[in-house]
Amino acid sequence: MDTFRLSPDALAAGYRLETHERIGSTNARALELAANGETGPLWVVTDDQFSGRGRRGRQWHGPKGNLAASLLITPRTDLGTAATLGFAASIALSDALGRLAPEMGLSLGLDGMDANGPGRTRLELKWPNDVLLSGAKIAGILLESASLRGGAPAVVIGIGVNVVAAPDDVGYPATSLRAVGFQGSAADVLAVLADAWLDAHRVWSGGDGLPQVRRRWLERAAGLDAPVAVRTGGGIVRGRLETIDDDCRLIVRHDDGTVTKVAAGDVHFGAVATERQAGQHGGEN
């Protein structure tokens with residue numbers, strides 16, 4: 001197992017670390033701790049997770065060497081506001097990968113601009129919870145909530161990073177840090193991520209800084225003003241990805257000028273987004 005560590009800054013801010021040589025799910029472990037009274041802030045981490053949890057009940061498998069990290073915190077906000085922590089986590093994760101870029105010999109274009117020439121590698125955020133490297137998924141985030149004893153809310157922010165390998169059976173492009181030249185370990189990624197989280201959490205500031213988080217997220221957003229298809233519980237929403245609103249819901253504009261606000265769903269770009277299917281206006285308004 002990698003020797004996971006937190007920086008002096010993270011330790012000084014009160015963050016603690018629980019490491020596992022191998023575990024089914026770091027999110028499940030963090031939720032178990034919350035149910036038993038743990039309030040955090042606590043990172044639960046491993047480089048060998050064999051039964052990870054993805055969105056909508058999917059399982060997420062990763063080979064040994066990838067990072068699985070879950071942060072347990074107890075924000076003093078309502079759960080609706082706490083749900084936007086996923087966007088703060090996206091900012092932290094992209095910042096962390098940007099800080100690792102020199103080790104990979106890369107220049108990561110956080111804003112998608114091509115200022116460094118045609119070979120520039122683009123780092124983008126895909127709503128609501130994925131990080132893309134040149135269009136391929138390199139990391140994902142899953143938020144789950146629990147109630148502490150006495151009813152206070154706890155939030156677990158699960159983060160998975162493809163450090164040494166990417167899955168090949170997921171039906172979408174995926175890549176890893178190793179594939180683009182990173183020779184470090186999951187522990188190295190966590191050390192940078194935990195510090196980047198401190199910065200992003202300060203900006204979020206109990207939800208008061210959400211406008212700044214939203215602005216920074218949009219600067220790195222994938223697929224803005226491009227065709228998009230969002231699979232929701234009510235069908236498929238098709239149109240152009242316009243923005244995210246003040247509550248971080250996805251705003252999809254249709255050909256007739258109307259918009260649909262999507263609170264949860266799976267986003268698809270490119271050819272999949274332009275296929276003709278029924279249920280164009282399914283989703284939450």
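Values in this document were obtained by computation on a predicted structure and should not be read as measured data. As a basis for the values below, the full set of heavy atoms in this structure was taken, side chains included, without hydrogen atoms, waters or symmetry mates.
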**Request:** Take Thr232 and Val237 through the test side chain to side chain contact (heavy atoms under 4.5 Å, CB included) and record every step on the way to the result.
**Result:** CA-CA 7 Å; Thr232 72; Val237 177; 4.2 Å; yes
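- The nearest pair of heavy atoms linking Pro63 to Ala165 is CG-CB, 3.7 Å.
- Here the side chain of Asp208 pairs no donor or acceptor atom with the backbone of Trp204 at under 3.5 angstrom.
- Put simply, the side chain of Gln183 reaches to within 4.5 Å of the side chain of Arg178, judged on heavy atoms.
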**Asked** Passes side chain to side chain contact (heavy atoms under 4.5 Å, CB included), Leu125 versus Ile91? Steps please.
**Response** CA-CA 8 Å; Leu125 302 179; Ile91 297 297; 4.1 Å; yes
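- Using a 4.5 Å cut-off between side-chain heavy atoms of Ile, Leu, Val, Met, Phe, Trp and Tyr, with links allowed through other members, Ile23 and Leu31 fall into different hydrophobic clusters.
- Under 4.0 Å is where a charged nitrogen must lie from a carboxylate oxygen, and between Asp225 and Arg240 at least one such pair does.
- Looking at Asn27 and Ser25, their side chains never bring a donor and an acceptor atom within 3.5 Å of each other.
- The structure places CZ of Phe50 at 12.5 Å from NZ of Lys64, a figure rounded to the nearest 0.5 Å.
- Contact detail for Gly265 and Pro128: the closest heavy-atom pair is O-CD, 4.0 Å.
- Under the 4.5 Å side-chain heavy-atom criterion for ILVMFWY residues, a single connected hydrophobic cluster contains both Tyr15 and Leu93.
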**Request:** Walk me through it: do Asp195 and Arg5 pass the test salt bridge (charged side-chain N to carboxylate O under 4.0 Å, His left out)?
**Result:** CA-CA 11 Å; Asp195 277 352; Arg5 62 201 179 279; over 6 Å; no
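- Using modelled atom types, no side-chain atom of Asp247 and backbone atom of Arg249 make a donor-acceptor pair closer than 3.5 Å.
- In this structure, Ala88 and Val213 approach most closely via the heavy-atom pair N-CG1, 3.8 Å.
- Defined by atom type and a distance below 3.5 Å, a donor-acceptor pair is present between the side-chain atoms of Asp188 and Ser185.
- In this structure, Ser205 contributes its side chain and His201 its backbone to no donor-acceptor pair below 3.5 Å.
- Here the straight-line distance linking atom CD1 of Ile73 with atom CG of Leu42 works out to 11.5 Å at 0.5 Å rounding.
- Once rounded to the nearest 0.5 Å, the distance linking CG of Leu17 with CG of Leu190 reads 6.5 Å.
- For the pair Val252 and Val259, the minimum side-chain heavy-atom distance is 4.5 Å or more.
- Salt-bridge check for Arg99 with Asp199: passed, with a basic side-chain N closer than 4.0 Å to an acidic carboxylate O.
- Under a 3.5 Å cut-off, the side chain of Asn66 and the backbone N or O of Asp47 do not form any donor-acceptor pair.
- Ser70 and Trp43 are not linked by any side-chain donor-acceptor pair at a separation below 3.5 angstrom, with hydrogens and angles left out of the test.
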**Request:** Decide yes or no on side chain to side chain contact (heavy atoms under 4.5 Å, CB included) for Glu32 and Glu38, but give the supporting numbers first.
**Result:** CA-CA 9 Å; Glu32 176 190 3; Glu38 173 64 60; over 6 Å; no
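- Taking CD1 of Ile159 as the reference point, atom CH2 of Trp197 lies at 7.5 Å (rounded to 0.5 Å).
- Across every non-hydrogen atom of Arg238 and Ala229, the tightest pair is NH1-CB, 3.3 Å.
- Counting only distance, with no hydrogens or angles, the side chain of Lys126 and the backbone of Val267 share a donor-acceptor pair below 3.5 Å.
- A distance-only check finds no donor-acceptor pair linking the side chain of Asn129 to the backbone of Gly140 [under 3.5 Å].
- Side-chain atoms of Ile244 and Ile251, non-hydrogen and from C-beta on, never get closer than 4.5 Å to each other.
- Val192 is connected to Val45 through a chain of hydrophobic side-chain contacts under 4.5 Å among Ile, Leu, Val, Met, Phe, Trp and Tyr, so both are in one cluster.
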**Request:** Check the pair Thr243, Arg214 against side chain to side chain contact (heavy atoms under 4.5 Å, CB included), reporting the backbone distance first and the verdict last.
**Result:** CA-CA 10 Å; Thr243 188; Arg214 176 181 176 273; 3.3 Å; yes
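- Nearest heavy atom pair, residue Leu72 against residue Ala154, reads CD1-CB, 3.9 Å.
- For the 3.5 Å distance criterion, the side chains of Thr260 and His254 qualify, holding a donor opposite an acceptor.
- One hydrophobic cluster, built from ILVMFWY side chains closer than 4.5 Å, holds both Leu143 and Leu250.
- Looking at Arg29 and Thr46, their side chains never bring a donor and an acceptor atom within 3.5 Å of each other.
- Across every non-hydrogen atom of Ala13 and Leu198, the tightest pair is CB-CD2, 4.0 Å.
- In summary, of the residues considered (Thr84, Thr77, Asp78), a side chain to side chain donor-acceptor pair (under 3.5 Å) with Thr81 occurs for Asp78 alone.
- When Leu97, Val163, Leu132 are each tested for a side-chain contact (heavy atoms from CB on, under 4.5 Å) with Ile138, only one passes: Leu97.
- In terms of hydrophobic clustering, with Ile, Leu, Val, Met, Phe, Trp and Tyr side chains grouped at heavy-atom distances under 4.5 Å, Leu85 and Trp217 are assigned to a common cluster.
- Between Asp246 and Pro211 there is no side-chain heavy-atom pair separated by less than 4.5 Å.
- We find the CG-OG distance between Leu133 and Ser94 to be 11.5 Å, quoted to the nearest 0.5 Å.
- Expressed to the nearest 0.5 Å, how far CG of Asp266 lies from OH of Tyr172 amounts to 10.0 Å.
- Distance alone, capped at 3.5 Å, places no donor-acceptor pair between the Glu124 side chain and the Val131 backbone.
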